[in-house]
Amino acid sequence: MSDDVLNRPPVHALLADGTTACIRPVAPADHDGVRRFYEEMSPENLRLRFFSVSRRSAALAADRACAPGRPGYRALLARTQDRVLGLAEYDTAGEKDTAEISIAVGDTLHHLGVGTLLVEHLVSAARADGVTTFTADALSENREVLRLFSDLGLRVTRRFEGPEVRCTIRLDQDDTYLSAVEARGRAADVASLVPLLRPDAVAVVGAGRTPGSVGRAVLHHLKAGGYTRRLFAVNPGVDHILGVPSYPAVGDLPLTPDLVVVAVPAAAVPAVAEECGKAGVRALVVVTAGLDADQARTLLAACRTHGMRLVGPNCLGVSNTESGLRLDATFAAGHPRPGTAGVAVQSGGVGIALLDGLSRLGIGVSSFAALGDKYDVSGNDMLQWWESDGRTDLALLHLESFGGPRAFSRTARRVTRRMPVLTVDAGRTVAGRRAAASHTAAAATRTMTRQALFDQAGITATRSVGELLGTAALLHSQPLPAGPRVAIVTNAGGAGVLTADACAEAGLALPPLTPELIDDLLAVLPEGAAAGNPVDATAAVTEEQLTDCLERLTRHPGVDAVLVALVPTAVAAATGDDLVRALTGAPGHGAKPVAAVRLEQDLPVRLLPAAGGGAVPSYAEPQAAARALAHAARRSSWLARPAGTVPDLDGVETARAREVVRTFLAAHPDGGRLDPRTCADLLACYGIPQLPWAWAETEDEAVMAAERLRGPDGRVVMKAHWPGLVHKSEQRAVHLDLQGDSQVRAAYRDFENRFAGLLTGAVVQPLAARGTELFAGVVQDEVFGPLVLFGLGGTATEVLGDHAARLAPLTDHDVHDLITAPRCAPLLFGAHGSGPADLEGLEQLLHRLSRMAADLPQLAEADFDPVLATPDRVSVLDARVRLVPRDAQDPYLRRLR
């Protein structure tokens with residue numbers, strides 16, 4: 001049993017009804033509670049659990065579960081503050097990778113997911129211990145436990161033996177299992193948010209009698225916003241505030257509110273939270289800022305102990321515009337317009353800007369949460385709420401931090417298939433690259449890591465609030481383009497040129513129009529028009545002519561979207577033509593997006609009402625329109641690609657790799673870089689191909705190694721080694737092109753002389769064939785997990801910075817993106833007549849590197865530079881690996897932060 005599992009701290013997780021349970025290992029002090037748990041079971045439940053009813057069953061079960069820790073045994077409790085809900089245990093009974101499991105749940109607690117949650121946590125603990133299979137015996141009439149096993153998402157086989165069933169459960173963490181865990185987590189998460197976002201009663205604690213207090217502003221907002229259900233204030237000595245009944249304490253309220261908004265000084269917040277918890281409140285919004293570390297811990301402990309969801313502290317509040325609810329528990333200046341956009345932010349200022357912008361555009365808001373310091377409720381929670389609320393069709397996020405990025409990524413990948421998810425990529429710039437000892441760590445900036453998360457999850461990442469709103473306007477009002485091909489129409493040549501430049505800068509294509517299309521356009525446009533791309537319709541174009549032009553462009557198969565750049569002219573004013581009506585007056589332009597650029601427009605973006613109830617987005621700047629269209633084209637491309645899969649790899653020896661790591665860290669408790677031999681052993685566990693090499697600690701050993709490794713040309717390479725050496729070329733610790741014994745001896749003596757007191761040996765390799773030098777590496781980000789990087793290698797690695805990155809585990813699509821994204825990619829596909837590289841070998845290398853990173857949380861950095869790619873093979877010429885002591889943590893395990 002690994003120490004990290006034995007010492008695993010308690011965690012809190014959500015049950016199916018949204019209530020909270022604490023999951024923790026059983027301790028000897030739990031004996032009385034566990035015995036009572038079994039004693040309170042009905043005889044029938046005891047019979048199903050123990051296959052018989054005996055007065056001694058409860059005591060024996062408690063003795064077994066609460067005994068001092070022993071190898072191969074693990075027991076987990078699910079409990080609330082005052083009672084045991086369930087218990088699950090496994091015992092390997094001396095077996096290496098198989099354990100027998102048993103589960104018990106209280107009589108009145110079935111169908112709440114207690115047993116399933118316990119088994120999920122037990123599966124995670126077992127995997128960490130190397131257990132690959134659970135077995136369980138159950139009575140064939142015990143439908144509850146048999147259904148629990150079959151619904152886990154794991155591979156289960158059954159064998160009937162008389163009245164009993166023998167179940168065998170494989171503990172593979174594949175996508176089927178993760179999806180099943182997600183589905184259970186999503187249902188529980190949404191249930192837990194109902195008291196927060198759809199409360200039947202709300203109380204505001206800290207609503208002052210005088211204007212100016214935040215609590216009073218929230219209370220006023222709730223009342224003025226038309227909250228349709230029960231509303232209370234909590235303030236000692238006051239009967240009413242703003243016409244709302246007030247009570248001295250939460251415990252004095254005539255009924256227990258679902259939601260309490262806390263707006264008291266920081267020092268009073270923990271006591272108010274504890275009072276709310278004892279009263280049975282289910283959700284808190286803490287708008288108070290400035291909590292110190294002790295106050296923060298006490299606040300969160302109260303929420304976890306009493307099962308309350310928490311938004312904040314230091315937040316603007318929450319809103320839900322449902323017609324039968326009209327909840328606006330914020331202190332924003334105005335009320336959000338009801339609509340279909342879900343909004344979650346950490347910054348209150350950004351939240352106000354988005355609420356105002358969405359209301360002005362007419363998109364409106366379905367629900368809003370300003371998460372503040374984000375102790376509990378997160379962007380992941382809100383995505384799952386919007387996914388299931390039946391109202392939201394557009395999600396907008398402004399997140400400054402990520403508590404569980406890999407779980408967030410899986411949620412976002414699912415949600416973005418149903419609706420656009422947009423974010424402002426906050427905190428992009430870094431004053432400089434993080435100081436690091438390897439190429440991988442130097443290249444892996446936080447910006448690159450966040451962008452990898454957004455790209456893989458299909459999230460539309462914008463660079464400003466204005467760009468976010470401009471993109472939201474287009475995605476809300478227009479269909480997605482099938483591709484990046486844009487046709488531009490203008491009544492002023494200069495505006496068309498500006499728009500063309502903006503499209504090119506945004507990565508959109510401006511294809512030349514076909515001769516047939518040009519003829520069609522010139523037939524309907526005024527004399528003097530030019531039907532290139534942009535199409536210059538001239539200032540003389542009429543509303544009817546512009547309408548005909550747009551219809552022809554949107555029908556053409558070579559055009560994916562149309563941008564119309566209009567300027568007001570005296571000609572149109574004199575004729576009474578309204579060119580904007582050419583955009584908005586027609587029933588629609590089919591399945592292709594159309595947007596306007598109007599340089600005189602006073603607001604950055606507007607939605608122009610169109611015939612049939614639709615709208616056309618209009619932008620004051622061509623860059624804004626082009627960026628919005630580019631985001632829409634990327635979303636279309638992402639949706640058109642099927643979800644990727646993480647392939648099975650042959651020849652992977654995870655258990656042996658973990659043993660290599662354990663052995664190294666036992667000898668180096670603080671971690672460090674692997675020596676060449678240990679590094680080679682680790683890479684061999686994952687089938688990562690290396691150029692043949694030999695280790696030499698003397699001049700004679702170097703000569704013998706060279707004799708064995710010389711290729712047809714007889715030349716070898718020698719690389720010095722000592723602990724801590726990273727950049728060999730900078731230290732001039734590499735000798736190339738060595739021929740004959742004399743040159744090998746001279747090279748080794750040179751190392752001995754120059755690196756006296758440091759040198760521990762040298763690596764001898766054959767001189768590599770010609771090919772493309774690449775770089776592949778991984779770095780463990782403390783927040784985001786393992787990030788895999790790929791790009792141009794050799795001495796150009798850091799100078800050119802030609803890298804792409806994706807978060808592990810890599811799917812087949814992720815690997816394809818990694819290989820094709822760097823600027824050096826054409827070299828791999830045979831540019832300049834060099835012939836294509838071994839692309840299948842490159843794919844395998846990246847998948848195996850990803851698997852190693854995902855298997856080994858202790859892998860802080862891996863640096864393969866150079867990786868030589870030739871038409872025949874891919875080989876790692878030089879590898880550096882750094883390990884650190886780090887406990888494994890299951891990123892997909894259901895738990896509250």
Side-chain angles (χ1 to χ4, degrees), residues 346 374 378-380 383 397-413 416 421-463 634 638 644 646 775-792 797-798 800-811 813-822 846-847 849-865 881-882 884 886 889 891-892 897:
Q346 285 187 256
K374 208 171 63 168
S378 66
N380 200 43
L383 280 178
L397 302 171
H398 178 266
L399 302 178
E400 298 164 1
S401 62
F402 295 85
R406 279 180 276 184
F408 173 83
S409 178
R410 282 189 66 87
T411 299
R413 288 182 198 226
T416 49
V421 178
L422 291 78
T423 187
V424 178
D425 187 8
R428 297 186 306 274
T429 59
V430 180
R433 288 186 176 179
R434 178 166 57 94
S438 76
H439 296 302
T440 308
T445 64
R446 181 54 56 93
T447 301
M448 178 180 284
T449 308
R450 293 167 66 94
Q451 191 60 54
L453 172 66
F454 297 147
D455 287 345
Q456 288 172 269
I459 295 171
T460 300
T462 64
R463 299 175 65 84
R634 281 191 287 271
W638 191 86
V646 178
F775 160 83
V778 64
V779 60
Q780 286 276 358
D781 186 279
E782 292 293 337
V783 174
F784 292 83
L787 180 76
V788 179
L789 292 94
F790 175 77
L792 191 63
T797 296
E798 291 187 14
L800 298 180
D802 186 18
H803 304 129
R806 289 294 185 272
L807 291 165
L810 300 180
T811 67
H813 292 324
D814 295 331
V815 166
H816 175 269
D817 291 343
L818 275 177
I819 292 175
T820 57
L846 291 172
H847 278 303
L849 178 59
S850 166
R851 173 67 180 273
M852 182 169 69
D855 282 351
L856 307 174
Q858 302 88 353
L859 181 67
E861 297 169 26
D863 206 43
F864 300 168
D865 185 24
V881 172
R882 183 168 67 90
V884 296
R886 181 185 285 132
Q889 188 177 67
Y892 306 113
R897 293 185 298 156

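Predicted, not measured: the structure shown is a model, and the values here were computed from it.
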Seminar exercise, completed: CG (L399) and CG (D425) are apart, to the nearest 0.5 Å, by 10.5 Å

For this session: Examine distances only and state if a side-chain atom of T416 and a backbone atom of I459 form a donor-acceptor pair shorter than 3.5 Å.
Result: no

Problem set entry | Approximate separation, where rounding is to 0.5 Å, of Q780 CD and L856 CG | 8.5 Å

Exercise. Can you find a heavy atom in the side chain of V788 that is under 4.5 Å from one in the side chain of L810?
Worked result: yes

For this session: Rounded to the nearest 0.5 Å, what's the gap from CD on Q451 to CZ on R806? Could you check?
Result: 8.0 Å

Problem set entry | Closest contact, heavy atoms only, A805 versus L789 | CB-CG, 4.1 Å

Seminar exercise, completed: Heavy-atom nearest pair, H816 first then T820, reads O-OG1, 2.8 Å

For this session: Work out which heavy atom in L818 is nearest to a heavy atom in F790; give both atom names and the distance.
Result: O-CD2, 3.2 Å

For this session: Report the distance from atom CG of D814 to atom CG of L846, rounding to the nearest 0.5 Å.
Result: 10.5 Å

For this session: Assess whether atom NE2 of H813 is packed by more than 12 heavy atoms of other residues, nucleotides or ligands within 6.0 Å.
Result: yes

Problem set entry | Whether Q456 side chain and L807 backbone form a donor-acceptor pair below 3.5 Å | yes

For this session: Taking all heavy atoms of V646 and all of T811, pick out the closest pair and write down the distance.
Result: CG2-CG2, 4.1 Å

For this session: Determine the minimum heavy-atom distance between A808 and S850, stating which atoms define it.
Result: CB-OG, 3.6 Å

Problem set entry | Side-chain touch F408/L397, heavy atoms, less than 4.5 angstrom | yes

For this session: Spell out, as yes or no, whether a donor-acceptor pair under 3.5 Å connects the side chain of T462 to the backbone of T423.
Result: yes

Problem set entry | Gap between atom OG1 of T411 and atom CG of L383 - 0.5 Å precision | 7.0 Å

Exercise. Step by step, would you call E861 with V779 a side chain to side chain contact (heavy atoms under 4.5 Å, CB included)?
Worked result: CA-CA 4 Å; E861 297 169 26; V779 60; 4.1 Å; yes

Exercise. Any idea which heavy atoms bring W638 and G458 closest together, and the distance?
Worked result: CE2-CA, 3.3 Å

For this session: Mind checking the CG-CZ spacing from L859 to R886? Nearest 0.5 Å is all I need.
Result: 8.5 Å

